[in-house]
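Everything numeric in this text was worked out from a predicted model, so none of it was measured.
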Amino acid sequence: MATITFKRSCKSAPGNSKSRYKARRKAQRESGRQVEALARKIAVAATGCSINVLRATEGASDYAKQLDRSIRHHEQIIQHREQRERNKHMKVCNEAGRQIHAVQKRKGSSIPLI
């Protein structure tokens with residue numbers, strides 16, 4: 001019976017690439033939160049308002065941005081729909097409003113070669 005031994009990897013970080021990626025992202029999020037908290041404290045000190053007032057004004061501006069983005073998105077959808085309806089090949093030219101796809105049939109039938 002043979003004994004199989006595996007070599008250890010020479011990587012210094014434990015775990016696989018997914019766990020290392022998650023750890024990096026977690027560190028980035030934490031540093032981002034710390035920067036935002038510091039920016040809020042500076043804004044509070046500069047304006048003299050409370051943190052609750054500052055958060056309320058930030059939330060209103062975020063909502064306005066979101067609303068503006070959704071309005072622009074729906075305007076693009078409407079423009080695209082109008083453009084599609086203007087196309088000639090999309091229109092039904094029949095007086096009854098039905099689309100008819102008439103194809104002429106071949107005359108005769110195929111004769112099998114025996």
Side-chain angles (χ1 to χ4, degrees):
M1 182 179 252
T3 305
I4 300 173
T5 58
F6 294 101
K7 293 182 181 179
R8 287 187 161 203
S9 64
C10 30
K11 294 179 185 175
S12 61
N16 56 15
S17 62
K18 193 171 188 177
S19 63
R20 289 191 303 269
Y21 170 77
K22 286 184 177 183
R24 280 194 310 269
R25 292 293 297 155
K26 186 177 181 181
Q28 285 177 350
R29 281 194 303 270
E30 286 298 322
S31 66
R33 286 185 189 134
Q34 289 174 354
V35 168
E36 286 176 5
L38 182 63
R40 249 190 243 115
K41 286 180 183 178
I42 292 171
V44 166
T47 58
C49 297
S50 68
I51 191 119
N52 292 334
V53 172
L54 191 65
R55 282 184 184 161
T57 56
E58 285 177 359
S61 65
D62 290 343
Y63 178 72
K65 286 179 188 176
Q66 221 175 16
L67 188 63
D68 186 42
R69 191 179 311 130
S70 67
I71 288 171
R72 277 188 275 126
H73 175 71
H74 287 291
E75 286 174 352
Q76 288 175 355
I77 290 173
I78 290 169
Q79 287 174 354
H80 181 66
R81 186 179 297 149
E82 288 174 354
Q83 179 187 3
R84 270 195 348 220
E85 288 174 358
R86 271 188 250 125
N87 290 338
K88 185 82 171 172
H89 66 89
M90 296 291 279
K91 290 185 179 177
V92 178
C93 297
N94 191 359
E95 67 277 353
R98 293 184 299 261
Q99 278 185 318
I100 299 172
H101 180 68
V103 179
Q104 188 175 6
K105 291 185 178 180
R106 295 173 113 186
K107 194 165 185 171
S109 62
S110 63
I111 301 170
L113 300 172
I114 299 176

- Task: May I ask you to check whether R25 and Q28 show a side-chain donor-acceptor distance below 3.5 Å?
- Result: yes
- Note on the structure: dist R81:CZ -> H74:NE2 (nearest 0.5 Å) comes out at 10.5 Å
- Of E82, Q76, H80, E75, the residue whose pairing with I78 passes side-chain contact (heavy atoms from CB on, under 4.5 Å): E82
- Kindly compute the distance separating NZ (K18) from CZ (R20), expressed to the nearest 0.5 Å. 13.0 Å
- Item | N16 CG to K22 NZ distance, which is reported to the nearest 0.5 Å | 9.0 Å
- Query: Can you tell me how far the CZ atom of R72 sits from the CG atom of L67, to the nearest 0.5 Å?
  - Reply: 10.5 Å
- Query: Got a second to check how far S19's OG is from K26's NZ, nearest 0.5 Å?
  - Reply: 12.5 Å
- Message: Just verifying a value: how many Å separate I71 CD1 and H73 NE2, rounded to the nearest 0.5 Å?
- Response: 12.5 Å
- Query: Are R33 and E30 ion-paired here, with the side-chain N under 4.0 Å from a carboxylate O?
  - Reply: yes
